[in-house]
Amino acid sequence: MTSEQTTRRRIRLALWTGAAAILLAAGAGALILRPDPLPAAPLASTIGEADIRSEFSLTDHTGRAVTEANFAGRWQLVFFGFTHCPDICPTTLAYMASVLDLLGPRADAVAPLFVTVDPARDTVPVMAEYVSAFHPRLIGLTGTEAQVADAAASFRTWYERAENETAPDGYMMAHAGHIYLMRLDGGFEAVFQERDQPPEAVAEQILTHIREREDR
Amino acid sequence: MKLLIFMALVAALPFAAHAEVTVTEAWARASILASRPGAAYLTLKSDVDDRLIGVTTPVADEVTLHATETNSAGIGRMVQIEALDLPAEEAVTLTPGRMHLILMGPSEKFAEGTTFPLILHFETAGKIVVDVPVLGVAAAGPEGPAK
């Protein structure tokens, strides 16, 4: 190695070390992750599946007062969310719409229910406009804060208000992202998350149940 | 001679340190109702270690990055990410139900078929502007609703 090459290497090393130091200093000033502002979620592991039931008294998106009895004799696909939700709710409702389309004429045997966890803002007309964007069969359910809390409790699902100063009205809602499949009698059959399987798999599982019943 | 090499290196440094981030598969979901926060997704790949440190757009008050963290009980919570690490040559994808950009305070509804600019600020690569197409409300990815 010539002395000139060695010198060049040394200079290059010094320059890169300097550049790295500047980058490190700049990087140290930035936060990587804002700490979770929410308290820890309750553990669902203490909840038995047998306890999950479809029991509610709510108002549908046409303004009609409904209970689980209005959907008796049909399978129920139930999702809790809110219309200010930018990601998981439209994603999950579009997924439920795909499942309904895949069921074809047998979709008659399924009541797809979207229950808001933000009833203060998700009024009947808001729900009507929102659900119609996803599927003509999708039923939006809202109510008083107490009615929604009762419905969520019967499904053993969880939600809470999350303060967020940049959000409309200063808050978002945190909620579980599950889709419940409930039996004809309102008992629990299965729970899905959009991310876990394609809609075809959910549609096939529902069709299997419907056919089993038809064969009896 | 040494001085000459030094000057040449100093002149070359900005180029030597230049990082490039490739942005692909950018898309946003159409709004159903006015004033609702929008969501946008994209894939980032940097040729050196870099970080996404900020996102802005003229069509919304604020853009924040969120990830869904699922705990052992299966309960997902959204957490805000201030800076997204981009390891060299590793594609980082924002996708529905996992990681997403939230566009708070949109100036108008995101209408299917339109596009809007998103300005991405990287620690090393600087500013990159991408044009984001708005897909349908049922879109699940850059190709639309197909899954």
Side-chain angles (χ1 to χ4, degrees), chain A residues 4 7-8 11-12 15-16 18-19 23 26-27 30-38 40-47 83-88 90-95 97-98 126 129-135 158 162 164 166-168 172 174-178 191 193-195 198-200, chain B residues 1-2 5-6 8-10 12-13 16-17 29-33 35-41 49 51 53-54 61-62 64 66-85 95-105 123-124 136-140 145 147:
Chain A
E4 193 182 303
T7 309
R8 203 181 297 163
I11 291 168
R12 200 181 292 161
L15 281 169
W16 280 113
L23 283 176
L31 278 171
I32 294 169
L33 197 71
R34 179 184 288 187
D36 187 347
L38 304 167
L43 285 175
S45 54
T46 53
I47 294 159
T83 72
H84 280 75
C85 164
D87 177 60
I88 195 80
T91 302
T92 302
L93 291 171
Y95 177 86
S98 298
V126 168
E129 190 176 352
Y130 192 75
V131 295
S132 69
F134 289 99
H135 201 277
W158 161 91
N164 181 327
T166 64
M172 298 286 275
H175 61 98
H178 300 105
V191 70
Q193 285 199 91
E194 176 272 334
R195 61 168 66 180
E200 286 79 5
Chain B
M1 185 61 196
K2 274 182 186 175
I5 293 166
F6 180 76
L9 278 167
V10 167
L13 190 62
R29 189 182 289 106
S31 321
I32 297 165
L33 303 165
S35 79
R36 300 300 196 269
Y41 310 89
D49 287 350
R51 301 204 308 169
I53 51 172
D61 292 340
E62 191 178 22
T64 49
H66 295 261
T68 304
E69 280 190 351
T70 306
N71 70 13
S72 56
I75 290 172
R77 279 176 182 280
M78 284 209 319
V79 287
Q80 189 170 334
I81 296 171
E82 295 292 336
L84 176 66
D85 285 330
T95 186
R98 290 177 176 84
M99 202 160 28
H100 52 279
L101 292 166
I102 293 184
L103 293 81
M104 286 288 189
E123 202 168 73
T124 307
V137 293
K147 281 201 80 143

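Order of the sequence lines fixes the chain letters, A, B, ..., with proteins taken first and strands second; residue numbering starts at 1 for each chain.
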* **Tyr130(A), part contacting chain B, at a heavy-atom distance under 4.5 Å** => both
* Asked: Closest heavy-atom contact between Pro86(A) and Arg29(B)?
  -> O-NH1, 2.9 Å
* Got a second to check how far Ile88(A)'s CD1 is from His100(B)'s NE2, nearest 0.5 Å? -> 8.5 Å
* **Heavy-atom side-chain proximity of His84(A) to Pro37(B) below 4.5 angstrom** => yes
* Considering residues at least two apart in sequence or located in another chain, which fulfil the side chain to side chain donor-acceptor pair (under 3.5 Å) criterion with Thr64(B)? -> His66(B)
* Structure fact -> Tightest non-hydrogen contact, residues Val137(B) and Phe134(A), listed as O-CE2, 4.1 Å
* Closest non-hydrogen atom pair, Met104(B) against Pro168(A) -> SD-CD, 4.0 Å
* Under 4.5 Å, counting heavy-atom pairs only, tell me which of Leu93(A), Thr83(A), Asn164(A), Thr92(A) racks up the most with chain B. => Thr83(A)
* Structure fact -> Heavy atoms of Thr91(A) and Pro96(B) approach each other most closely as OG1-CB, 3.4 Å
* Under the side chain to side chain contact (heavy atoms under 4.5 Å, CB included) rule, collect the residues that match up with Ala97(A), sequence neighbours excluded. => His135(A)
* To do: First locate atom CE of Met172(A), then atom CD1 of Ile102(B), and finally report the distance between them rounded to the nearest 0.5 Å.
  => 4.5 Å
